[in-house]
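The residues of the chain are indexed from 1 along the displayed sequence. Counting starts at 1 for both ligands and their atoms, in listed order.
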Amino acid sequence: MDNAGSRFSPIQAFLEFLHAKYAPLREGEVATYIPELATADPEAFGICVATTDGFVYEVGASRQEFTIQSISKPFVYGLALDDNGPEWMMAKVGVEPSGDAFNAISLHKVTGCPLNPMINTGAIATTGQIAADTPQQRLERILQMFSLYAGRRLRIDQDVYLSESRTGHRNRAIGHLLRNFDVLTDEPNATVDTYFQQCAIAVTCGDLALMGATLANQGINPLTGVRAIREDHVENVLSVMASCGMYDFSGGWIYNVGMPAKSGVAGGVLAVLPGQLGIGVYSPRLDTQGNSVRALKVCEELSRAWELHQFNPPYCPQNSRRLTYTSAQRTSSRTRHPAEREHLRASGHLIHVVEMQSNLAFSTTEPIIRDVIGSAEKPRGMILDCHHVTSINRVAARLLADLARDLKSRKCDVYFTHTSRLPMLKAQVATHLADSDLCAELFRYHSTDAALEQCEDLLLGEARAQHTSGKNLREFEITAGLTEEELAVFASLLTDRHYASGEVIIRLGTESTNLFLITKGVVGVWLGAVTGEGRRMGSFSVGTMVGEMAFLDGEKRSANVVAEGDVECAVLEIATFLALQQSHPTLHTKILRNIGISLATKLRKLNQDVTILSAQRD
Ligand code: GLN
């Protein structure tokens, strides 16, 4: 545990303040009914708070070991749920608060089952449900499970175990009662003995806080990253803690503190703020209900000071829509024929990009869905960009899958992009839709840019076909404003070149000064390597020019340009162009101006991208 970072923290300071404030409190009695517990130092007092990213604040006797006692009950219940499922467990042990003391010999009047797993009857019944062939194996599985929660190998305090084993007649009576009602089907003494051992596991406040943080973190220990309980059973465990965890003070506790918690007769209290924190407090003096007096005070004050009450959370889930735009506002990085650009300006509003962010769960995904289906005109393309999504739960993944299927059925192309960090999304969409072709299609593109380019191509459809081949120079951006004669002169200066797919047309770092007019196909612009680790910065299609920077300034090439499929170019050599200055000065000026305009268009697009991507954020 490394908590050096907490030295100057106001959080650490507040915990120290609480420790100093309640250390003089000497109310309550150390438990003596288990003789060994009476030897505890009544002054021992530790407080720990662990976050769901594994940071542990600690004050006082935070590393002193004591026995876990009843705090073991919810964790063993979790293991029993993992082993047998909730249905089986419900048939064995209820989930209703009893209002009785923890050691009451009480079973449900009708069913004969213990009322809940947090009182001794329910806890012993629960221990009996842990799958094992022998009592040793059962104990080892229990120890193993606790060690996963704590992130270190825990051990049993033999003195406390033997002490309780020698005196625990009441619990043995409970064991036999459970056997009588067939809640336990094995020899009851062995199960009660395992129960005594689970109660005698030695822990520190730091362990308790981390165990709490593991429950707060959907069952994954935040320090080790190892799962201690199935994700879907965390809520079952926390629910019984919330309703029954503090013995017959459970109602008062949830009312005042508002966090699921569990206490033990050795003086430990563990509280959990789901999704956020685990708290461990240790002080052996107990009140008449068996709860640590100081721990109660500390938790109450912590909850009030930091506003931790579960039923009044300090924030509402944020809208997860980070940025939305259409292709009319921002196109892909493809530089297109002027006529195509015009077309996209007019109909690009049918292609939507929705950048999502933060944690996607029901309440953060719902506004996205409302937004997407509420778009005024029937969309033709919908890109759901997950680049800034930090997590996604099952519900959100399924809702988005349903949304995608629905849009697809209404002839809208849908793509989830930047999903590599969210394997959960793809897995859930695949299981939910049970349509591998559709799923492959939805995740076809890694980048939003590639998906946008595809949506634009589809939208352009026919309009695009006219420009994808042929060499009607009249429509090229470089020939704008040329007379028929000028066009003929210009055409005579060009040489045709053909490139096969993957061929490098311009190589990064070389000194070549030709200007390329694309007359067929598409070329890609790559930084770094040509493919693979390189980065595709953009692409150019028919009617556009590439290479004009080095053409004008004579510097080395700043990127690789590669043929994507069959490509034909009309090439203008710099020497030929310079000669025009003498022979056809007006033509020379017009061409120069058109190259300038082409550069200006690219610069304008960059400016517009920056404006959209930075300023329009919700
Ligand atoms: N081992 C103790 C018992 O069964 C645990 C009780 C508790 O911590 N409340 O009596």
Inset, instruction - Check each heavy atom of S70 against ligand 1 and say whether those closer than 4.0 Å belong to the side chain, the backbone, both or neither. - result: both
Inset, instruction - Find all atoms of ligand 1 within a distance of less than 4.0 Å from any non-hydrogen atom belonging to N120, and give their numbers and elements. - result: 3 (C), 4 (O), 10 (O)
Legend entry - Minimum-distance protein heavy atom relative to atom 10 (O) of ligand 1: Y33 OH, 2.5 Å
Inset, instruction - Number the atoms of ligand 1 from 1 as they appear, then name those within less than 4.0 Å of a heavy atom of E164, with their elements. - result: 1 (N), 2 (C), 3 (C), 4 (O), 10 (O)
Inset, instruction - Answer side chain, backbone, both or neither: which part of N171 comes under 4.0 Å from ligand 1, heavy atoms only. - result: side chain
Legend entry - Aromatic contact, Y247 with F102 (centres under 6.0 Å): yes
Legend entry - Which residue and heavy atom of the protein sit nearest atom 4 (O) of ligand 1, plus the separation: Y195 OH, 2.7 Å
Legend entry - Close-contact set for ligand 1 against C199 heavy atoms, below 4.0 Å: 1 (N)
Inset, instruction - Starting at CD1 of I142, measure out to CG of L154 and round the result to the nearest 0.5 Å. - result: 13.0 Å
Inset, instruction - Output the list of atoms in ligand 1 that are nearer than 4.0 Å to some heavy atom of Y247, sorted by atom number. - result: 7 (C), 8 (O), 9 (N)
Inset, instruction - Mind checking salt bridge (charged side-chain N to carboxylate O under 4.0 Å, His left out) for D182 and listing every partner two or more places apart, or none if nothing turns up? - result: R179
Inset, instruction - Ignoring angles and geometry beyond distance, decide whether K73 reaches within less than 3.5 Å of ligand 1 through its nitrogen or oxygen atoms. - result: no
Inset, instruction - Begin with the C-alpha distance, continue with both residues' side-chain angles, and end with the deciding distance and a verdict on side-chain contact (heavy atoms from CB on, under 4.5 Å) for T390 and L360. - result: CA-CA 8 Å; T390 38; L360 298 187; over 6 Å; no
Legend entry - Whether over 12 other heavy atoms sit under 6.0 Å from Y33 OH: yes
Legend entry - Min heavy-atom dist F196 to ligand 1 below 4.0 Å: no
Inset, instruction - Run the numbers for me: atoms of ligand 1, each under 4.0 Å from some heavy atom of G264, listed by number. - result: 8 (O)
Legend entry - All pairs passing side-chain hydrogen bond (donor to acceptor under 3.5 Å, both in side chains) where residues 77-96 contributes a residue, at least two apart: D82-H233, D83-R141, W88-Q129
Legend entry - Shortest protein heavy-atom distance from atom 5 (C) of ligand 1, along with the residue and atom involved: Q69 OE1, 3.4 Å
Legend entry - Check: H446 and H418 side chains under 4.5 Å, non-hydrogen atoms: yes
Inset, instruction - May I ask you to identify, for V265, whether its side chain, its backbone, both or neither come under 4.0 Å of ligand 1 on a heavy-atom basis? - result: both
Legend entry - N103 versus N120, side-chain donor and acceptor atoms under 3.5 Å: no
Inset, instruction - Would you check if the distance from the ring center of F45 to the ring center of Y282 is below 6.0 Å? - result: no
